[in-house]
Each structure stands twice: as C-alpha cells, then as structure tokens.
Amino acid sequence: MLTKYKLAPQTKFYDSMDANWRPFIMFSQFPNVRSKFCNTDINGLRFNNFQENNTENSIFEEKIDKEKKTGIIVGNSFAFGEGSTNDKYTISNYLSEKTNSHYYNLCGRGFSGFQEITNFFLHLNHLKKLDKIIVISGCNDAFLPYLDINHENYLEPTHGYKLFKSSMDKAARGWKNKTLKLIFGSFFKKTNWSRINSLNWKDEIFKKETISYKNKPSDPNEHLSLIIDNNIRLWSIISQGMNIDISYVLQPVGSWSKKKLTDEEKKLFSEEILIEGQDRIYKHIDFKKYNLIKSILEHSTKKYKINFLDLNAHFNNEKYNNEWLFLSRFHFNDVGNKHLSSYLISKLF
C-alpha cells in the first residue's frame with residue numbers, strides 16, 4: 001500500500017475505520033470520530049464541515065439557513081466521501097454550499113441498496129422540510145449477489161452476513177442444544193443444529209437430512225434484477241407518499257470507466273488488484289455487469305417514475321482524460337467529488 005498512502009495519505013485513515021455493528025442496518029461508521037479527514041456524529045453519520053470548535057452532537061444539529069430546504073444524499077462509501085481529504089470536500093457539502101438546500105450525508109460505508117433505504121427510515125424523524133433525495137449507488141448491489149454469501153431469495157445480500165448469521169446461530173443455542181451437537185455431531189451431519197430442541201431432538205437427529213433449495217437464488221442476474229426493482233419501487237412509494245423528488249444516480253466505477261486513466265489512477269488500480277480477496281469482487285464489476293445493471297436501472301426507474309442518471313456515461317467525456325479522479329475503482333478524490341457535484345447541480349436543480 002506504499003503507493004496509495006504516498007499519493008493519497010488520507011486513505012490510510014479510511015482504511016483504519018472499522019464497522020460498528022448496529023440493529024436493522026447491520027453496521028455503520030463508528031460514532032464521534034474526530035480527525036482532520038473525517039468526522040462523525042453520535043450515530044456515525046458524517047458531518048458536512050466539522051470544525052474543532054463545533055459543539056453539535058448530531059448532523060441534524062448543524063447550523064443552517066432557516067430559509068433553506070432539506071435534502072439528503074443516500075448511498076454507500078462512494079457518496080459517503082471515502083477518500084476525501086476533509087468533510088467539506090464531500091458531495092453533500094458541495095451541494096449544501098452551491099444550492100438552496102442543506103444536504104445531510106446519510107451514506108454508509110459498505111451499504112447495499114436496501115440498507116440505504118433502511119438507514120433513511122431510521123433517521124426520518126429528524127428530516128424537516130425534506131425536498132429532495134439523491135441516491136448515489138449501484139456498485140455494491142452489482143457484485144454482492146454474486147459472491148459466496150448464503151442468503152435467501154427475498155433478502156438482499158450484505159457485507160458481513162455470514163459472520164452475523166454464524167454469531168447469532170451460536171448465541172441463540174442453549175446448553176442443551178450445544179450438548180446434543182457435542183454428543184451426536186460427529187455421527188450426524190446437520191446443516192442447522194440450532195433448530196433442534198429438547199422436544200424434537202429425536203425426530204430431527206435421526207431423520208434423513210433433506211435440503212430445500214426453493215428459497216435460494218437460482219440465477220444471480222435474476223436476483224440482481226429483483227433486488228434493484230424492489231429498491232426502486234420502495235423509493236417510488238416514498239417519493240409519491242411524501243411528495244419528495246427522488247433521483248437515482250449510478251455511481252462511477254473505475255472498472256466501468258472509459259476515460260483515459262492518469263498515471264496516478266494506473267498505479268492505484270494496479271496496486272489494489274494485489275489486495276488479498278479483492279479479485280473476488282473485481283471480477284464481478286466488468287463492463288458486462290455495467291451494461292446489465294444500467295439496463296435494469298433504466299427499466300425500473302422508468303417503470304416507477306424515478307429520475308435516473310448514469311455518472312459513468314458522463315465521466316467518459318474526454319475532457320476528464322487528463323484529470324485524476326479515482327482513488328480506487330470505487331472512490332473519487334476531492335476533484336472528482338467537485339466535478340460530480342457540479343454535474344448533479346446542472347441536471348437536478
């Protein structure tokens with residue numbers, strides 16, 4: 001990581017930020033983080049322009065012009081501003097400074113689309129005069145259904161699901177259940193010991209194991225389409241029910257970009273592919289996947305009357321060929337965030 005930390009020293013700080021486990025949304029950023037790069041509130045949400053003398057405990061306590069409307073940015077680590085050298089260089093702050101609305105950053109690092117929606121509901125009671133929601137997302141949904149994650153068809157996969165399920169299975173099993181597994185575990189191979197209890201243990205242990213695959217994803221592409229369509233439908237319901245303007249913006253991804261890479265981007269992309277385990281993700285975000293998820297998003301947003309923008313198409317413009325925008329395949333630097341914000345303002349305001 002020497003090249004990455006040399007070119008962008010702030011990335012070392014972001015790499016040190018672990019997940020904070022929380023109900024409903026699974027995880028978030030740690031609360032009350034203080035640094036020159038990134039600052040979070042009591043709920044782990046990122047401030048727009050935190051200063052050393054600030055006394056606010058929550059982003060919803062930020063001092064804003066009473067005449068301004070309220071907007072929110074929803075998304076994953078990209079829109080959160082991972083890699084920004086300061087809170088003020090995030091998309092939410094750029095929009096707050098350049099429009100007649102104050103934009104709260106409701107993004108979560110590693111979030112899937114459904115986690116983004118859930119996080120919105122968790123903080124809804126704090127959002128007054130809400131006028132616009134901008135969802136900047138898509139990349140995590142594009143690869144999560146294709147990874148080796150044991151999830152059900154009706155669920156959207158999340159980072160950490162296997163760890164969560166394993167931990168909860170262990171925590172939910174009593175001493176009798178654990179004793180049964182200790183005694184019979186080497187003789188009977190069961191996929192789910194937690195379902196065995198003192199009343200049914202004979203039937204469960206001695207019956208022939210049968211596995212139903214009806215609730216497992218059969219085709220990842222179909223599952224991706226189901227996930228996206230369901231999320232867009234939910235945003236449409238929110239838009240119509242609350243009379244709020246909502247736009248879905250497909251985030252730019254280095255693997256989907258056709259712009260000529262700068263020397264810095266080439267070095268960073270070459271280095272990150274060497275990170276253990278990253279190849280499992282990168283192989284699922286090629287141009288074939290880009291065309292697929294864009295097609296699904298275009299269809300669903302049209303069906304549910306949600307405005308759609310594709311940032312990849314915009315940043316393929318040759319005017320960006322000589323500009324260093326990507327810190328990784330998944331994140332922009334300060335310059336990239338500034339260009340992106342200007343483009344959003346020209347299209348959505």
Side-chain angles (χ1 to χ4, degrees), residues 69-82 90-101 103-107 111-114 116-117 120 130-142 224-225 227-240 244-259 285 287 289-320 323 325-326 329-333 335-349:
K69 296 178 181 179
T70 299
I72 60 172
I73 299 294
V74 176
N76 52 44
S77 60
F78 177 88
F80 171 80
E82 177 146 346
T90 56
I91 298 169
S92 58
N93 192 60
Y94 278 130
L95 294 184
S96 295
E97 290 182 342
K98 302 296 183 180
T99 70
N100 62 351
S101 294
Y103 274 83
Y104 294 111
N105 189 334
L106 262 61
C107 304
F111 273 8
S112 66
F114 192 71
E116 294 163 1
I117 295 171
F120 162 72
L130 184 58
D131 179 62
K132 190 187 293 288
I133 298 175
I134 303 176
V135 183
I136 306 175
S137 187
C139 182
N140 286 347
D141 286 343
L224 175 62
S225 181
I227 288 170
I228 297 295
D229 192 76
N230 184 61
N231 289 343
I232 299 300
R233 179 171 176 265
L234 289 173
W235 283 123
S236 178
I237 292 171
I238 294 168
S239 176
Q240 294 177 41
I244 299 171
D245 178 45
I246 298 181
S247 295
Y248 191 102
V249 182
L250 181 58
Q251 67 188 89
V253 176
S255 302
W256 298 344
S257 175
K258 294 181 180 179
K259 93 173 191 73
I285 52 169
F287 275 110
K289 180 61 62 60
Y290 164 63
N291 291 327
L292 174 63
I293 194 169
K294 182 179 180 180
S295 175
I296 295 171
L297 281 167
E298 287 176 333
H299 174 76
S300 293
T301 52
K302 182 178 180 180
K303 179 169 66 171
Y304 296 117
K305 298 180 181 179
I306 293 291
N307 186 41
F308 174 67
L309 287 177
D310 176 20
L311 290 175
N312 295 277
H314 171 70
F315 284 101
N316 283 340
N317 192 305
E318 62 181 11
K319 71 179 182 179
Y320 296 113
E323 293 219 48
L325 306 178
F326 288 99
R329 284 172 173 79
F330 298 154
H331 305 118
F332 263 1
N333 58 20
V335 175
N337 285 340
K338 185 176 183 179
H339 284 314
L340 188 156
S341 301
S342 296
Y343 178 68
L344 291 182
I345 291 171
S346 70
K347 288 294 184 179
L348 304 180
F349 295 88

Review point. Ignoring hydrogens and geometry, is there a side-chain-to-backbone donor-acceptor pair from S239 to W235 under 3.5 Å?
Key: no
**Study point:** Test item: W256 and L250 side chains (from C-beta on) under 4.5 Å apart, heavy atoms
**Key:** yes
Practice item. Would you please say whether a donor-acceptor pair under 3.5 Å links the side chains of N76 and Q251? Key: yes
Study note, to complete from the structure: Residue pairs meeting salt bridge (charged side-chain N to carboxylate O under 4.0 Å, His left out), one or both in residues 228-239, sequence neighbours left out, come to D229-K303
Point to revise | Between S236 and Q240, a side-chain donor and acceptor under 3.5 Å | key: yes
Review point. Is any side-chain heavy atom of I246 less than 4.5 Å from a side-chain heavy atom of Y304?
Key: no
Practice item. Kindly write out the residues that satisfy ring pair (Phe, Tyr, Trp, His ring centres under 6.0 Å) with Y320, not counting sequence neighbours, or none if the list is empty. Key: H314, F315, H339
Check your understanding: Quick check: are there more than 12 heavy atoms from other residues, nucleotides or ligands sitting under 6.0 Å from OH of Y343?
Key -> yes
Check your understanding: Does a side-chain heavy-atom distance below 4.5 Å link F114 with I227?
Key -> no
Exercise for review: For F326 and G254, work out which heavy atoms get closest and say how close.
Suggested key: CE2-N, 3.3 Å
Check your understanding: With a 4.5 Å heavy-atom cut-off, do S92 and Y104 have their side chains touching?
Key -> no
Study note, to complete from the structure: Sorted by chain and number, sequence neighbours left out, side chain to side chain contact (heavy atoms under 4.5 Å, CB included) with F349 holds for L95, T99, Y103, K132, I134, I345
Check your understanding: Is the backbone of S257 close enough, under 3.5 Å, to the side chain of N312 for a donor and an acceptor to pair up by distance?
Key -> no
Exercise for review: Kindly indicate whether the side chain of I285, heavy atoms from C-beta on, has any atom under 4.5 Å from the side chain of Y290.
Suggested key: no
Exercise for review: Report yes if some heavy atom in the side chain of F308 is under 4.5 Å from a heavy atom in the side chain of V249; otherwise report no.
Suggested key: no
Check your understanding: What distance do S247 atom OG and L344 atom CG have between them, rounded to the nearest 0.5 Å?
Key -> 8.5 Å
Exercise for review: Kindly compute the distance separating NZ (K347) from CG (L311), expressed to the nearest 0.5 Å.
Suggested key: 11.0 Å
